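A short write-up of the structure that comes next.
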Amino acid sequence: MENQRKARGLDSLLLSAIFLLTVIIAVFIFISGDSKFQKNTSAANNDKVDETTATLTETQSGFPDIQIIKESSNDISIPYSMQYPKTKFNTVNKEISKYIADSKEKYLDTVYLFRNENKNNSVVGDFRISLQIHQYKNDYYSFVFTNKSSVDKTKYDATIQTYLFNNNTGEFVNMYQLLDEKVKNLEVLAEYVQKQITSNPAYKEYLYTEKVQTLTEPKWRHFKKFSIVDNELVIYYDKDEIASPLAGMPTIRIPMSFLNPILDEKYRTNDTSSNTIIKTTHKGKRVALTFDDGPHEKVTKQILQTLEKYDAKATFFMVGHRVENNASLVREILASGHEIGNHSWNHSNLTTLTPKQVLSQYNSTNDVIYEATGQYPTVFRPPYGARNKCVNDLVSVPIVLWTIDTLDWKYRDADKILPMVKNKMHNNAIILMHDIHQSTADGLDSVLAYLQDEGYEFVTVSEILNYQTSK
Ligand code: ZN
């Protein structure tokens, strides 16, 4: 009996325990289920909020692999609109999304801060990001974002953000890679950009001179905003960054062919130009090539072709008696931008002649060149460099001798011209050659190639004289 009672008491205890446990579990399930439910609704609510305040649309761009996403705010108290691309690469999209999100956040923060500070909740801002896409050499895309924002629609900030990426690999290309990872290439670019900014009349009176100096120092971080548009490298500056907003947003455009010598091979253009950035950055170095005793139908023509190849200007000191039969060649020389000088009628040593004879040598050559071209020679060089007071007094244009004699008239050897030039080369040199020897025409190419590599600009003697007298 006692044992039976004991067992019944145990049973009821066990039942109560089971019941209690069930209740606890039920309550726990209910609570956790409820919290889960609440979480779900709150997430749904958030999505709903975004849907009502922003509209997203996706359209195909003009380029096969790029979609354009347009996002605009539906909240009239915080309006904004943004355009950005979607590529086939997640890494590229991620980077761009980050820029877009950061820009939007910065704008919203600025507006809220402004409202707080001014205790005015009705302030309506404005924010737009627009996108331009450019393709280069099939493989590369540039994205250029123009970011304009205003807190109260009175004053706008405008900044530029750019990306260049390889549409085959999804890799971004920065200026460091573009310029073959060489600081010396950046130095060349930086110097050129600075010159372009300071010489542009549209910016001139608006430039912040000190900022231009600082931001064109050859540091990679100064050349982050760039794109390639229609075979030109474009460098961007934000509004108010290097010039007053009155000048707009300065850009510098440079043909890629002009930049070829400082670009990594991958990014060079197939368009080639004899005019390159390397040449213009050495504008301080000049040389005047001069050709005497012509014109010669064959030799002078070949020399003209070689000069054209290097975009070189030269000076031709002609003897009068050779001009008449080569009138069209003389016109061609002048039309190509070269200078024509008087070298007497028949190459006499003028110091052995009477004043009347000297004047005749000088005037008849002037006249025959004028008849051929409509212009008088602008400089004079006496045969053999022989001059005296009589010559000095009678000649009315500058008398120009030379600083380097190649001795081409003596050796008549195409291979001996370059060593002579190399030996004696100096800045503002006037080099003496003769366009009546085939060997001179044949040896000229190597001379021009050497001088161009050394950074010399090929100018006429009058230009060299200008420089020397102004010094
Ligand atoms: Zn001569």
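The model shown is predicted, which means the values in this text are computed figures rather than measured ones. Each ligand, and each atom within it, is numbered from 1 in the order the structure gives. Numbers for residues simply follow the sequence, beginning at 1.
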Review point. Going by atom types only, do D126 and S150 share a side-chain donor-acceptor pair under 3.5 Å?
Key: no

Point to revise | Set of side chain to side chain contact (heavy atoms under 4.5 Å, CB included) partners for S348, sequence neighbours left out | key: N346, L353, Q361

Check your understanding: Residues in side-chain hydrogen bond (donor to acceptor under 3.5 Å, both in side chains) with D180, at least two apart?
Key -> K182

Review point. Between K422 and Y450, is NZ or CZ placed under 6.0 angstrom from the six-membered ring centre and within 45° of the ring axis?
Key: yes

Study note, to complete from the structure: Nearer than 2.8 Å to the Zn ion (ligand 1), the protein contributes N, O or S atoms numbering 3

Check your understanding: Between Y141, F172, F143, which is the residue that forms a ring-ring contact (aromatic ring centres under 6.0 Å, His included) with Y163?
Key -> F172

Review point. Taking only residues two or more places apart in sequence or in another chain, which ones pass side-chain hydrogen bond (donor to acceptor under 3.5 Å, both in side chains) with Y411?
Key: none

